Amino acid sequence: MVESKASLEAAHHADTPELNLSSEDDAAVLARLGYKQELRRSFTLIEVFGLAFSIMGLLPSIASTLAYSIPAGPVGLVWGWFLASMFIFIVGLAMADLGSAMPTSGGLYWWTHFFASPKARNPLSFLVGYSNTLGLIGGLCSIDYGFSLMLLSVVVVARDGEWKPSNGVTYAVFLACVLMHGVLASVLSKVMGKLQTVFVVANFLLIAITVIALPIGSRHHRNDGKYIFATTANLTTWPTGWTFMLSWLSPIWTIGAFDSTVHISEEATNATKAVPYGILMSIGACWGFGWIITIVLAACMSQDLEHLLTTPFGQPMAQIYYDSLGKKATIALMLLLAFTQFLMGLSITVAASRQSWAFSRDGALPFSSFFRPISKRFGYIPLRTTWGCVILAAILGLLCLIAPAAAQALFSLAVAGNNLSWGVPIACRVIWGQHKFKPGPFYTGKLSIPIAWTAIIFLIFGIVLSMMPVGGPNPDADTMNYTVVINSAVWGGSLAYYYIDARKWFTGPRITLDESTLTEEQKEALREEGLDVTLEGKTPEGTDGEKLDDVTQEREVSKDLKS
């Protein structure tokens, strides 16, 4: 099988007419997964980390989700962040094992199809692909909605709280932001990797300014250690313990973009290391620096928590800045927050477009043949899926016009959608496919299985948490959490689409290598990877397009993974 791998490498290079898209090693890894190199590999390890970290946008994200943390008091804000981040890091370890072994843009649904049982692989892969795609687009919506609230809060502060934006104004700002992200993601593709460094610097600059300026500004009324680390509150009608658990939604949403490293893997150099370390570095940075931020906020914020939540500025963070630093500094810092949040939206637009493109490459999206082409003019990017994501985000954003509670579902949509798409491939690996798992350069060893099960349990809990009304039981129309409605429609609709129609043609990931460059030995090597040999423009091998038999697809991978 080592010989098969070498021939796959040769086939891949013969199938790649464009020069300098990737190194030989990266191209060989991708060819082993059945795909030819079509995107330019321009992201270094640091830039892969930068993409994930800039999407997380640590301080802007914490600011956007304070409404989840503050009701539980300082304990919810500080310890809720620490504990939830710890479990998210465990999820990252489970994902890093998979990302190092199989780095491809469609990683989550690719892994699901590879590891799942023969009967379950197609519907589960289909479900994960749609959940992940819409979860990322939901992330774009929630980030840009948070941006619009931050930007408009600047106007409210400037007018001393005597103006309140309507839902229509909020949506107009949101729509302008989404469209601008589409434009920038299209024209800046050649420097997008380099820009991630700029985005990371902007994030750390904002963090440094805040953690230095707030304690200085509130030096005469800072809270003591007992208040910061040991004071609970409950501004909901839930029991105090459950209110504390709901505070976990802030870190769960904030540190919810580490899978972007997977979706950018076909544009990363040395992807088998860049992907796992990008995952863990981004989560670890958010865990540590986020805890520092929450401690500073708890030390400097007013003890009148109700006032923070109902501030006329529309943003608790704006009120915290205002109380400590005054009007002018608040305007300046909220503008910097909004700018950093805008950069988050640009980065997640890139990640969402790559996942959508990978899914269309395998024929799973409606109009896949339209979305499939790569734009060489704009720098080897999936231009059409970029704008497809932008248009769908603009439509989902119409929830802004209904009510704030409906708009808040955009935050939980990203949480629930991504949690399911992360949990299913991890579960498929430990339930059905552990015998097929061949570690990459990064591997957690004997701890891999307990790490995976811990991650699965936490992700299930996160889904349940994201669907709970945050104000308390028995919600009305204004306090209802619409996530359960939206995600049920996404998941139920995806499965219904599969069983009604897609089951007739969706056979999982397709090989995009040119058939003329593959020998029978190479095709057999790809079959052993669990891939359906549906080459470009061809039907699957076998009589009348018969699918590869499940025994062949279940065969254990025996190829050497070393370069």
Side-chain angles (χ1 to χ4, degrees), residues 26 41-62 81-105 107-108 136 139 192-208 211 251-294 340 343-344 346-348 350-351 354 418 422 426 439-445 447-448 451-452 454-455 458:
D26 283 319
R41 290 189 184 268
S42 57
F43 282 73
T44 65
L45 188 155
I46 295 300
E47 291 164 353
V48 170
F49 155 74
L51 177 74
F53 188 75
S54 62
I55 292 176
M56 293 172 185
L58 187 55
L59 185 54
S61 294
I62 291 174
W81 181 275
F82 185 88
L83 292 174
S85 298
M86 178 183 68
F87 283 106
I88 294 168
F89 191 83
I90 293 173
V91 175
L93 286 170
M95 291 274 288
D97 278 345
L98 295 172
S100 180
M102 303 172 176
T104 173
S105 293
L108 301 174
L136 284 167
M192 191 59 67
K194 304 299 181 186
L195 285 176
Q196 301 311 313
T197 302
V198 178
F199 297 173
V200 170
V201 170
N203 271 279
F204 279 116
L205 178 63
L206 179 60
I207 293 170
V211 299
I252 287 174
W253 182 81
T254 299
I255 316 177
F258 54 83
D259 67 316
S260 59
T261 62
V262 176
H263 303 309
I264 208 71
S265 60
E266 292 182 35
E267 296 170 71
T269 57
N270 198 8
T272 56
K273 293 183 179 178
V275 170
Y277 288 114
I279 290 173
L280 299 179
M281 288 166 60
S282 59
I283 298 174
C286 284
W287 183 4
F289 286 103
W291 200 45
I292 294 172
I293 292 169
T294 57
T340 310
L343 300 182
M344 292 168 56
L346 177 57
S347 295
I348 201 171
V350 173
R354 273 43 172 188
N418 285 329
W422 300 336
I426 296 172
F442 177 91
Y443 181 48
T444 54
L447 294 176
S448 181
I451 284 173
T454 303
F458 175 74

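For clarity, every value in this text was computed on a predicted model and none was experimentally measured.
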K.L.:
When rounded to the nearest 0.5 angstrom, what distance separates OG in S61 from CH2 in W253?
P.N.:
4.0 Å

K.L.:
Nearest heavy-atom pair of A271 and S265: which atoms, and what distance?
P.N.:
CB-O, 3.6 Å

K.L.:
Supply the atom-to-atom distance I292 CD1 to L59 CG, rounded to the nearest 0.5 angstrom.
P.N.:
12.5 Å

K.L.:
So which atom in I293 and which in V211 form the shortest heavy-atom distance, rounded to 0.1 Å?
P.N.:
CG1-CG1, 4.3 Å

K.L.:
Give, for atom CG of L343 and atom CD1 of I348, the distance between the pair rounded to the nearest 0.5 Å.
P.N.:
13.5 Å

K.L.:
Find the distance between CG (N203) and CD1 (I207) and round it off to the nearest 0.5 Å.
P.N.:
6.0 Å

K.L.:
Short question: side chain of N270, backbone of L45 - any donor-acceptor pair under 3.5 Å?
P.N.:
no

K.L.:
Answer yes or no: does atom CZ of F289 have more than 12 heavy-atom neighbours from other residues, nucleotides or ligands under 6.0 Å?
P.N.:
no

K.L.:
I'd like a table of donor-acceptor pairs (distance under 3.5 Å, sequence neighbours excluded) in which one partner is a side-chain atom from residues 276-288, with atom names and distances.
P.N.:
{"residue": "S282", "atom": "OG", "partner": "G278", "partner atom": "O", "Å": "2.9"}
{"residue": "S282", "atom": "OG", "partner": "I279", "partner atom": "O", "Å": "2.9"}
{"residue": "W287", "atom": "NE1", "partner": "F82", "partner atom": "O", "Å": "3.4"}

K.L.:
Apply side chain to side chain contact (heavy atoms under 4.5 Å, CB included) to the pair V275 and M95, showing each step before the final yes or no.
P.N.:
CA-CA 9 Å; V275 170; M95 291 274 288; over 6 Å; no

K.L.:
Determine the minimum heavy-atom distance between G50 and V200, stating which atoms define it.
P.N.:
CA-CG2, 3.4 Å

K.L.:
Can I255 and F89 be said to form a side chain to side chain contact (heavy atoms under 4.5 Å, CB included), step by step?
P.N.:
CA-CA 9 Å; I255 316 177; F89 191 83; over 6 Å; no

K.L.:
Counting neighbours of CZ on F87 that are heavy atoms of other residues, nucleotides or ligands and sit closer than 6.0 Å, is the number greater than 12?
P.N.:
no

K.L.:
Roughly how far, to the nearest 0.5 Å, is CG of L93 from CG of L447?
P.N.:
9.0 Å

K.L.:
Can you tell me how far CZ of F199 sits from CG of L346, rounded to the nearest 0.5 angstrom?
P.N.:
4.5 Å

K.L.:
Please report the closest heavy-atom contact between P251 and I88, naming both atoms and the distance.
P.N.:
O-CD1, 3.6 Å

K.L.:
Does the T272 side chain pair with the main chain of S100, one donor and one acceptor, at a distance under 3.5 Å?
P.N.:
no

K.L.:
If you look at every heavy atom in P60 and M344, which pair is closest and at what distance?
P.N.:
CB-SD, 3.9 Å

K.L.:
Test your reading of the model: is there a side-chain donor-acceptor pair from T261 to the backbone of V48, 3.5 Å cut-off?
P.N.:
no

K.L.:
For T340 and A202, work out which heavy atoms get closest and say how close.
P.N.:
OG1-O, 4.4 Å

K.L.:
Using the rule given for ring-ring contact (aromatic ring centres under 6.0 Å, His included), can you reason through W422 versus F458, listing the C-alpha separation, both sets of side-chain angles and the distance that settles it, and then say yes or no?
P.N.:
CA-CA 11 Å; W422 300 336; F458 175 74; 9.5 Å; no

